[in-house]
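All chains are named by letter (A, B, ...) in the order of the sequence lines, taking the proteins before the strands, and each is independently numbered beginning at 1.
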Number of protein chains: 2
Amino acid sequence: MVAQATPEELTERLRDAITRLNRRLRQERPVGDLTVTQLSALTSLRIGGALTPRELSEAERVQPPTMTKIVAKLEERGLISRTPHPTDGRQVLLSPSDQGLAVLEDYQRVRDEWLAGKLAELTAVERETVARAAALLERLARD
Amino acid sequence: MVAQATPEELTERLRDAITRLNRRLRQERPVGDLTVTQLSALTSLRIGGALTPRELSEAERVQPPTMTKIVAKLEERGLISRTPHPTDGRQVLLSPSDQGLAVLEDYQRVRDEWLAGKLAELTAVERETVARAAALLERLARD
DNA sequence: CAGGCTTATTAGCTAAGCTAATAAGCGTGA
DNA sequence: TCACGCTTATTAGCTTAGCTAATAAGCCTG
């Protein structure tokens with residue numbers, strides 16, 4: 001039974017579940033062709049407002065050069081805009097454009113439809129278990 | 001309370017938890033060692049016994065050419081071995097080698113330090129919830 | 001105001017994923 | 001029976017995402 005799982009078994013089982021479900025989520029691709037990474041960065045900008053590349057890379061737990069690439073892709077698509085920092089000539093402020101906000105909403109809706117559909121297949125008790133676990137997993141991910 | 005979460009809230013919360021945890025897990029990759037993808041494939045072979053590349057790609061929710069690369073990396077390290085299929089000349093059977101099994105055991109004890117540490121911070125009841133949810137999430141990912 | 005720190009970017013590498021194309025083997029139906 | 005179509009595995013070539021090291025520009029301080 002699950003109840004008797006050792007800590008090692010639980011760790012392995014959870015890692016596998018996360019990895020596989022994340023792969024499945026990633027396959028739920030877009031309308032706007034946004035990757036998960038791009039979506040996540042754009043979401044951070046929407047939540048955090050105008051951020052510098054460094055702040056964004058820290059929010060996304062990614063190195064600055066990696067964020068440079070992600071930002072370049074979002075910029076190509078016109079989903080974010082950059083303005084000079086008011087007091088520091090080295091820095092740049094990134095914000096989602098109106099188009100970026102619109103694409104973000106579309107993408108999230110499409111992807112959530114898939115996941116919501118899968119969750120609807122569960123029993124009420126199972127959904128309750130997932131709901132409790134989701135809150136715990138968020139806590140784990142929050143370092 | 002979590003118990004009263006709407007389906008929309010649950011969907012969003014779960015998606016967020018999955019993507020965050022996955023990114024966090026990926027960062028914990030130890031230097032010079034197996035990637036999460038490689039570890040996941042090797043684990044599938046241990047659980048599933050001798051599988052063909054196609055079966056393994058389906059278990060991992062990945063396209064066959066992608067699995068060819070993953071298998072090649074595991075083979076380079078001597079972690080899996082291949083034998084001809086007894087009745088079908090096209091197919092190949094993949095199994096973890098003794099060394100592969102040993103590596104998996106090491107990982108169970110050492111590899112997921114971060115995740116195991118986080119799980120250890122939970123109460124026994126919370127871990128039980130996570131364990132039940134992990135099984136459900138695997139089912140969701142299985143289409 | 002020179003030199004050291006910070007920020008952002010560029011260059012170059014690896015891993016992980018995809019599709020399209022190919023070669024080999026299997027199996028079936030005319 | 002054997003030609004043709006399907007399946008399996010691989011190769012080729014692309015994209016994305018991540019890393020470190022190096023570089024250029026701007027800031028700040030002694």
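- Salt-bridge check for B/K118 with B/E121: passed, with a basic side-chain N closer than 4.0 Å to an acidic carboxylate O.
- Residues passing the side-chain contact (heavy atoms from CB on, under 4.5 Å) test with B/A17 are A/L137, A/E138, sequence neighbours excluded.
- Under the 3.5 Å distance criterion, the side-chain polar atoms of A/E60 are left unmatched by any main-chain donor or acceptor of A/S57.
- Taking side-chain N and O atoms only, A/T37 has a distance below 4.0 Å to OP1 or OP2 of D/dA17.
- Applying the 4.0 Å criterion to OP1 and OP2 of C/dT9, one finds that A/R54 has every side-chain N and O outside that range.
- For A/R127, the salt bridge (Lys or Arg N to Asp or Glu O under 4.0 Å) criterion is met by no residue, not counting sequence neighbours.
- For B/I80 and D/dA9, the CD1 to P distance is 12 Å, given to the nearest whole Å.
- Between A/R20 atom CZ and C/dG17 atom P there is a gap of 11 Å when expressed in whole angstrom units.
- If you measure from atom CD1 of A/I70 to atom C1' of C/dA8, you get 14 Å, rounded to the nearest angstrom.
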Protein proximity profile, nucleotides 19-30 of chain D - base contact B, sugar-phosphate-only contact S, no contact -, cut-off 4.0 Å on heavy atoms: BBB----BS---
Enumerate donor-acceptor pairs with a distance under 3.5 Å from any side-chain N or O in residues 95-102 of chain A to protein atoms, sequence neighbours excluded.
{"residue": "A/S97", "atom": "OG", "partner": "A/G78", "partner atom": "O", "Å": "2.7"}
{"residue": "A/S97", "atom": "OG", "partner": "A/L79", "partner atom": "O", "Å": "3.1"}
{"residue": "A/S97", "atom": "OG", "partner": "A/Q99", "partner atom": "N", "Å": "3.4"}
{"residue": "A/S97", "atom": "OG", "partner": "A/G100", "partner atom": "N", "Å": "3.0"}

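- Every residue meeting the salt bridge (Lys or Arg N to Asp or Glu O under 4.0 Å) condition with A/E126, not counting sequence neighbours, appears here in chain and number order: B/R139.
- The CD atom of A/E75 sits 13 Å away from the P atom of C/dA8 (whole-angstrom rounding).
- Atom CG of A/L74 is separated from atom C1' of D/dA17 by 13 Å (rounded to the nearest Å).
- D/dT15 atom P lies 14 Å from atom CD of A/Q38, rounded to whole Å.
- Evaluation of the side-chain contact (heavy atoms from CB on, under 4.5 Å) rule for A/P84 yields no partner, not counting sequence neighbours.
- Atom CG of A/L56 and atom C1' of C/dA8 are 13 Å apart (whole Å).
- If you measure from atom NZ of B/K73 to atom P of C/dA15, you get 5 Å, rounded to the nearest angstrom.
- Here B/Q91 does not reach the OP1 or OP2 of C/dA24: none of its side-chain N or O atoms lies under 4.0 Å away.
- The side chain of A/T35 lies closest to D/dA17, out of C/dA8, D/dA17, D/dT10.
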